[in-house]
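One structure is given here, and the rest of the page talks about it.
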Amino acid sequence: MQDKYAQLNKAKRLALACLIFAAGVFVLTVLLPKFYTGLQGAWWLGLIKMASEAALIGGLADWFAVTALFKPIPARYPIPHTNIVASNKSVIANNLSLFVKEKFFHPEAIEKLIRDSDPAKGAGRWLSQDRNATRLSRFLCDAFAGVLRVLDDKPVKAFIAKTAQKGINQLDLRQLMATSLGAVTKERQHQVVLDRVLGKLAKLLAEPETQIYIADTLVVWLKTEYSRIEKLLPSSWLSEQGALIAVKAVSSILEDIYEDEHHPIRHAFDEQVHEFLYELQHSPLMEKKVNSYREKLINDPALNAYVQQSWAKFHQWLLTSLETQNGKAETKVSGLLKDLGTTLTQDSELAKAFNKHIGEAAKYMAPELAEFLTRHIRDTINSWDEREMAEQVELNIGRDLQKVRINGTIVGGLIGAMLFGIEALLGL
């Protein structure tokens, strides 16, 4: 700031020196013929006089023009159209904000900026470097850890719990279930689910552990229900054979259902699903049951305690992982970021799509961002003191304006000399 003040004062002194020089030369050309009569009528003296006079006029005119931009002339009772910057503060604020908005933040300019800069390739090259990927990974881990700390704050947790409870209370769980189930049955996805369940059951029955469990269960059943018969018959052999028979029977039934699209059990399954869907949509009793489940979900102390304990454990584990320097979370994120950077530099189609989406997002955000920035510029300028604003503008561009004064003095002198020459030529 001090350098700017020094440069401005230096430029003012130089411009003033030129003006004083022109004034001094003019005074000399006026006084010399009075003391030295032999100089009266000398053409070269007339040339110098006319050039210095024009230089003085040009310098004074430009001094007035430059000074009138920033200061009232005179200071107490200023004439109109002086102190222009301070007097037009609101106009300058509006025009500058509109200029920035129209020239820098219109959608075409944003689109051209993104197209020319190719942010995907730039981001890819930056992320491909280990150091940059690690820095960004650490930043993301710290940011996410900060979010977790905020979520663990008691007032925040209370607010989230209250909001979640309010949302669940307002949720039409019956309609949600009906809509979801309707979408599933519309595409007959419930039969796909049934096929998967049948496949899982068949695989489970084929496992030796399952057959042993069935055999043991049969032994217990025989001992409990038919204790007398069990003493006379080989229960172990019967149970083993019964397990094999049960597995074969169930497997045969499952295979029949799996292969036959029109199996009666499939039709029964369809009927049960549609009946349940109908009751969801129309039965007051079903609505009451669903609402009671929702109330239990909200108010069950055991469930709430379990959820809180699970969240506390998960929260602590995740927070520790994120805060550990060079830990698993940071290393994993860093690797993903580096892979992304490498892919962006090598895959032109991905980079093109990346740039396209960035451009669309920027064009979408440009009007809001432009409005925010222009409003900020306008409000900031309007909040300035008029005198301070004029001083700041002069401080930043005043040095170049002093060159205008110097040029005005020099050009005025040259024009005066040219006019003297023209006048001499016409006199011939």
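Computed from a prediction, not measured in an experiment: that's the story for all the values here.
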Keeping the roles fixed (side chain from K89, backbone from W384), state whether a donor-acceptor pair exists under 3.5 Å. yes
The reported gap from CE in M418 to CG in L47 (rounded to nearest 0.5 angstrom) is 12.0 Å
Would you say the side-chain atoms of S137 pair up with the backbone N or O of A133, donor to acceptor, closer than 3.5 Å? no
The reported gap from OG in S87 to CD in E386 (rounded to nearest 0.5 angstrom) is 8.5 Å
Heavy-atom side-chain proximity of S97 to L373 below 4.5 angstrom: no
Take K352 and K356 through the side chain to side chain contact (heavy atoms under 4.5 Å, CB included) test and state the conclusion after the steps. CA-CA 6 Å; K352 184 178 178 181; K356 177 184 176 182; 5.8 Å; no
Okay, side chain of N396, backbone of Q392: is any donor-acceptor separation there less than 3.5 Å? yes
Has the side chain of T345 got a donor or acceptor atom that lies under 3.5 Å from a matching backbone atom of T342? yes
When every non-hydrogen atom of L8 is compared with those of G398, the smallest separation belongs to CD1-C, 3.5 Å
Quick check on H315: does its NE2 atom have over 12 non-hydrogen neighbours (other residues, nucleotides or ligands) under 6.0 Å away? yes
With sequence neighbours excluded, residues passing ring-ring contact (aromatic ring centres under 6.0 Å, His included) with H357: none
On a heavy-atom basis, the closest approach of I377 and V100 is CD1-CG2, 4.0 Å
M50 versus L419, closest heavy-atom pair with distance: CE-CB, 3.6 Å
Does N407 reach the main-chain N or O of K403 with its side chain, forming a donor-acceptor pair under 3.5 Å? yes
Quick one, L340 with F354, criterion side chain to side chain contact (heavy atoms under 4.5 Å, CB included). Give me CA distance, side-chain angles, the key distance, then yes/no. CA-CA 11 Å; L340 174 61; F354 192 82; 5.8 Å; no
S383 side chain to T380 main-chain N or O, any donor-acceptor pair under 3.5 Å? yes
Any pair with a residue in residues 54-71 that passes side chain to side chain donor-acceptor pair (under 3.5 Å), sequence neighbours left out, goes on the list, sorted by first then second residue, please. W63-T67, K71-E394
Before accepting this row, confirm whether a basic side-chain N of the pair R138/D142 lies closer than 4.0 Å to the acidic partner's carboxylate O. yes
So, for L45 and P33, which heavy atoms are closest and what is the spacing to 0.1 Å? CD2-CG, 3.5 Å
Could you check whether atom CD of E388 has more than 12 heavy atoms from other residues, nucleotides or ligands sitting under 6.0 Å from it? yes
Write down the atom of A93, the atom of R378, and the distance for their closest heavy-atom approach. CB-O, 3.9 Å
How close do N83 and F70 get, heavy atom to heavy atom, and via which atoms? OD1-O, 3.1 Å
How long is the span from the CG atom in L127 to the CD atom in Q129, to the nearest 0.5 Å? 9.5 Å
Can L319 and D152 be said to form a side chain to side chain contact (heavy atoms under 4.5 Å, CB included), step by step? CA-CA 11 Å; L319 188 60; D152 198 43; over 6 Å; no
Which value, rounded to the nearest 0.5 Å, describes the distance between I92 atom CD1 and N94 atom CG? 10.5 Å
Could you tell me whether the side chains of Q402 and R405 share a donor-acceptor contact shorter than 3.5 Å? yes
Within the 4.5 Å heavy-atom criterion, are L344 and L350 side-chain neighbours or not? yes
Once you round to the nearest 0.5 Å, how far does CD of Q308 lie from NZ of K313? 13.0 Å
Taking everything shown except R387 itself, do over 12 heavy atoms lie less than 6.0 Å from its CZ? no
Could you give the distance from CG (L69) to CG (L401), rounded to the nearest 0.5 Å? 6.5 Å
Mind checking whether F314 and W311 have parallel, tilted or perpendicular rings, split at 30° and 60°? tilted
Could you tell me whether a side-chain N or O of S334 sits under 3.5 Å from a main-chain N or O of E330, the two making a donor and an acceptor? no
With distance as the sole test, does D347 use its side chain to make a donor-acceptor pair with the main-chain N or O of T343 at under 3.5 Å? no
Tabulate below the donor-acceptor pairs under 3.5 Å that side-chain atoms of residues 13-28 make, not counting sequence neighbours, or state none.
none

Checking L151 against V147 for the side chain to side chain contact (heavy atoms under 4.5 Å, CB included) test, could you report, in this order, the C-alpha distance in whole Å, the side-chain angles of both residues, the deciding distance, and whether it holds? CA-CA 6 Å; L151 293 178; V147 172; 4.2 Å; yes
Do any N or O atoms from the side chain of N355 and from the backbone of D118 form a donor-acceptor pair under 3.5 angstrom? no
